[in-house]
Amino acid sequence: TMRTFNHVGMVLKEKMDDMIYVEPLKVYITDCNASPNKIEFLYFEPDSPMHPLIQGRAHLAYNVEDINAALEGTKILLPALDCGNMIIAFIEEEGVAIELIELK
């Protein structure tokens, strides 16, 4: 499955202004589309259910056409999750969290 770069996620130790709260994942994020370098900043609440690899290091994110096909044969950190206008999932490759995004 072809991947197109979407953003890089950088984990912060403290919240920034204008962050968006994603309640099911207990994470605050910035809008990567507002960043000239396509950086999404993330701040995790202490009890976030997200995998430690996602919370501990930067991640790369890619758009994919078919998220289920893209997840086949991968090491899944976060199964496909419907977020309204997109479906996201996280996998591990090369010791790094990779976010896959299927836009609806």
Side-chain angles (χ1 to χ4, degrees):
T1 307
M2 197 178 99
R3 296 178 182 176
T4 309
F5 178 76
N6 182 288
H7 69 265
V8 61
M10 304 291 288
V11 179
L12 301 175
K13 296 290 184 216
E14 52 192 53
K15 278 187 276 191
M16 295 170 59
D17 292 337
D18 301 327
M19 292 187 105
I20 304 152
Y21 187 56
V22 183
E23 189 161 4
L25 303 177
K26 296 192 175 183
V27 62
Y28 291 84
I29 62 171
T30 59
D31 179 1
C32 64
N33 294 313
S35 163
N37 294 298
K38 302 292 278 182
I39 300 170
E40 171 190 71
F41 292 99
L42 303 96
Y43 171 79
F44 293 94
E45 291 197 333
D47 59 344
S48 170
M50 296 287 272
H51 190 280
L53 188 60
I54 302 168
Q55 293 192 51
R57 302 173 74 176
H59 71 264
L60 296 171
Y62 297 95
N63 293 339
V64 295
E65 291 288 319
D66 180 344
I67 201 154
N68 293 320
L71 289 172
E72 282 180 28
T74 64
K75 183 175 179 184
I76 297 174
L77 300 177
L78 178 77
L81 179 69
D82 193 323
C83 296
N85 61 341
M86 67 182 77
I87 301 169
I88 67 164
F90 279 87
I91 61 174
E92 180 183 338
E93 286 181 351
E94 299 183 83
V96 176
I98 305 290
E99 182 178 7
L100 302 176
I101 302 167
E102 179 184 321
L103 300 172
K104 290 186 186 173

What pairs with Y43 under ring pair (Phe, Tyr, Trp, His ring centres under 6.0 Å), at least two apart in sequence or on another chain?
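Listed in chain order: nothing, the list is empty.
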Kindly indicate, with the supporting measurements, whether the criterion salt bridge (Lys or Arg N to Asp or Glu O under 4.0 Å) is fulfilled by K26 and E45.
CA-CA 6 Å; K26 296 192 175 183; E45 291 197 333; 5.1 Å; no
How many angstroms lie between [atom1] in [X] and [atom2] in [Y], if you round to the nearest 0.5 Å?
X: I88; Y: L81; atom1: CD1; atom2: CG; value: 5.5 Å
X: L71; Y: L100; atom1: CG; atom2: CG; value: 6.0 Å
X: E40; Y: D31; atom1: CD; atom2: CG; value: 9.0 Å
X: F90; Y: L60; atom1: CZ; atom2: CG; value: 10.5 Å
X: K15; Y: F44; atom1: NZ; atom2: CZ; value: 13.5 Å
X: L12; Y: T30; atom1: CG; atom2: OG1; value: 7.5 Å

Cluster check [X], [Y]: I/L/V/M/F/W/Y, side chain < 4.5 angstrom:
X: I87; Y: I20; value: no
X: L77; Y: V8; value: no
X: L53; Y: I98; value: no
X: M86; Y: I54; value: yes
X: F5; Y: L42; value: no

Among pairs that include at least one residue of residues 95-104, which meet side chain to side chain donor-acceptor pair (under 3.5 Å), considering only residues two or more places apart or in two chains?
H7-E99, H59-E99, D82-K104
Here the side chain to side chain donor-acceptor pair (under 3.5 Å) pairs for residues 60-69, sequence neighbours left out, are N6-N63
Give a yes or no on this: more than 12 heavy atoms of other residues, nucleotides or ligands lie within 6.0 Å of atom NZ of K38.
yes
Within 6.0 angstrom of M10 CE, more than 12 heavy atoms from elsewhere
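Counting other residues, nucleotides and ligands, CE of M10 stays at 12 neighbours or fewer.
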Heavy-atom pair with the smallest gap, counting every atom of S48 and Q55
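Looks like O-NE2, 3.2 Å.
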Closest contact, heavy atoms only, P79 versus A89:
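Where P79 meets A89 most closely, the heavy atoms are C-CB, 4.1 Å.
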Who pairs with N37 by side-chain contact (heavy atoms from CB on, under 4.5 Å), at least two apart in sequence or on another chain?
S35, I39
Partners meeting side-chain contact (heavy atoms from CB on, under 4.5 Å) with V22 (sequence neighbours left out):
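Result, side-chain contact (heavy atoms from CB on, under 4.5 Å) vs V22: P24, L25, V27, I29.
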Residues forming a side chain to side chain donor-acceptor pair (under 3.5 Å) with R3, sequence neighbours excluded
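For R3, the residues satisfying side chain to side chain donor-acceptor pair (under 3.5 Å) (neighbours in sequence not counted) are E93.
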Do M50 and L78 come within less than 4.5 Å of each other through their side chains, counting heavy atoms only?
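Yes, close enough: below the 4.5 Å cut-off.
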